[in-house]
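Following: one structure in structure tokens, then a few remarks.
A quick note: this is a predicted structure, and the numbers were derived from the prediction, not measured. Residue numbering restarts at 1 for every chain, and letters A, B, ... go by the order of the sequence lines.
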Protein chains: 2
Amino acid sequence: MNIGETARASGVSAKMIRHYEHIGLIRESNRTFSGYRQYNERDVHLLRFIRRARDLGFSLEQIRQLLSLWDDPGRASSDVKHLAEAHIADLDARIAALSEMRATLVALAQACHGDHRPDCPILQGLAAPPDS
Amino acid sequence: MNIGETARASGVSAKMIRHYEHIGLIRESNRTFSGYRQYNERDVHLLRFIRRARDLGFSLEQIRQLLSLWDDPGRASSDVKHLAEAHIADLDARIAALSEMRATLVALAQACHGDHRPDCPILQGLAAPPDS
DNA sequence: CTTGACCTTGCCATGATGGCAAGGTTTATG
DNA sequence: CATAAACCTTGCCATCATGGCAAGGTCAAG
């Protein structure tokens with residue numbers, strides 16, 4: 001299987017497959033005589049794993065750890081759970097930060113009448129120190 | 001006022017002040033004879049504006065637009081409100097995406113007993129197509 | 001006059017991804 | 001067979017906002 005078909009089958013772009021190989025996230029693939037990368041179903045499976053972990057917001061470095069646990073038959077599930085929980089905490093922090101921005105911005109936008117007049121509490125709010 | 005003091009007063013790093021000048025977000029400052037950048041209170045005020053807008057998650061390009069509205073005495077407040085509401089929608093989308101990741105991950109983590117056993121639903125969930 | 005704190009420019013790095021270019025290969029079609 | 005289309009290769013540049021480092025100039029205090 002060439003890289004294009006592998007990309008379509010796994011949902012990971014050909015560009016990214018090469019990149020993951022380059023940074024050592026996946027092994028170097030076999031090549032045809034003319035240098036084309038060759039993949040099989042196992043590779044597609046692995047790339048799908050990576051793809052899903054990315055979709056859940058794991059970084060490539062975290063995925064590197066997940067993969068080593070995936071490969072390790074003697075892993076403890078607590079190791080995986082720790083990684084997952086740390087990532088949940090990270091997501092929580094990011095959600096909280098965005099929610100706070102949102103709340104501030106909504107408050108400013110509500111105070112703004114939003115018509116043709118130049119007077120605008122949003123700009124004033126940005127110009128003055130936040131009260132909170 | 002030199003750039004270091006300006007940075008402390010505005011909360012924008014000296015590095016970033018230079019960068020904002022470089023990309024044309026702020027005007028080139030006056031220089032002393034020996035080439036040191038000089039700033040005044042108005043500059044600090046402007047940089048604080050930028051800083052607060054960054055804290056609310058606006059991109060530098062969005063801030064560029066906000067600044068041109070800030071500078072324009074004849075602006076319509078609706079213009080500002082549109083920018084703000086577009087950004088709120090953007091924040092909403094990001095919060096929703098992160099929340100979805102979080103929910104999926106929490107479900108997987110709850111199913112994981114998290115002990116010494118190698119059996120782990122988190123890795124299985126990543127390896128298999130998501131049911132939803 | 002030396003030392004330390006400050007300033008200058010410029011290049012490199014981050015993280016994950018896309019784009020483009022120049023060139024080689026394979027496959028299908030006329 | 002010749003050619004075109006679709007594929008592959010490597011490599012460099014760009015994103016976005018920010019930090020770091022290096023080599024060198026400046027200034028103020030001791």
*How close or far is atom P of D:dC12 from atom NE2 of A:H19, stated in whole angstroms?*
15 Å
*asked:* What is the distance, to the nearest angstrom, from the CE atom on B:M1 to the P atom on C:dC6?
replied: 15 Å
_What is the separation between atom CZ on B:R94 and atom P on D:dC16, rounded to the nearest whole Å?_
13 Å
*Between A:R64 and A:E61, is there a side-chain N and carboxylate O pair less than 4.0 Å apart?*
yes
*Using the ring of each side chain (for Trp, its six-membered ring), is A:W70 parallel, tilted or perpendicular to A:H45, with breaks at 30° and 60°?*
tilted
*Check B:L66 against B:A53 and note the closest heavy-atom contact, atom names and distance.*
CD1-CB, 4.3 Å
*OP1 or OP2 of C:dG18 sitting under 4.0 Å from any side-chain N/O of A:S13?*
yes
*asked:* Whether B:R37 and B:E5 form a salt bridge (side-chain N of Lys/Arg under 4.0 Å from carboxylate O of Asp/Glu) is what I want to check.
replied: no
*Between A:Y20 and C:dT17, does any side-chain N or O lie under 4.0 Å from OP1 or OP2?*
yes
*B:R54 side chain N/O closer than 4.0 Å to the phosphate oxygens (OP1, OP2) of D:dT18?*
yes
*Listed nucleotide nearest any side-chain atom of A:S59, set D:dG19, C:dA16, D:dC8*: C:dA16
*Compare all side-chain heavy atoms of A:Y39 with those of A:V44 and state whether any distance is below 4.5 angstrom.*
no
*Could you state the atom-to-atom distance from CD1 of B:I50 to C1' of D:dT18 in whole Å?*
15 Å
*Is it true that the side chains of A:H113 and B:S77 contain a donor and an acceptor less than 3.5 Å apart?*
yes
*Between C:dT9, D:dC8, D:dA17, which nucleotide gets closest to the side-chain atoms of B:R18?*
C:dT9
*Take atom CG of A:N2 and atom P of D:dC7, then tell me their distance rounded to the nearest Å.*
10 Å
_In this structure, how many angstroms lie between the C1' atom of D:dA17 and the CD atom of B:E21, rounded?_
17 Å
*Identify whether the distance between the nearest side-chain nitrogen and carboxylate oxygen of B:R117 and B:D119 falls below 4.0 Å.*
no
*Give the rounded distance in Å between these two atoms: CZ of A:F58 and C1' of C:dG15.*
17 Å
*Strand-adjacent residues in residues 22-39 of chain A, judged by heavy atoms under 4.0 Å from DNA chain C*: A:S34, A:Y36
_Check: A:I88 main-chain N/O paired with B:R102 side-chain donor or acceptor under 3.5 Å_ = no
_Heavy-atom side-chain contact between A:Q38 and A:Y36 under 4.5 Å_ = yes
*Strand-adjacent residues in residues 3-11 of chain A, judged by heavy atoms under 4.0 Å from DNA chain C*: none
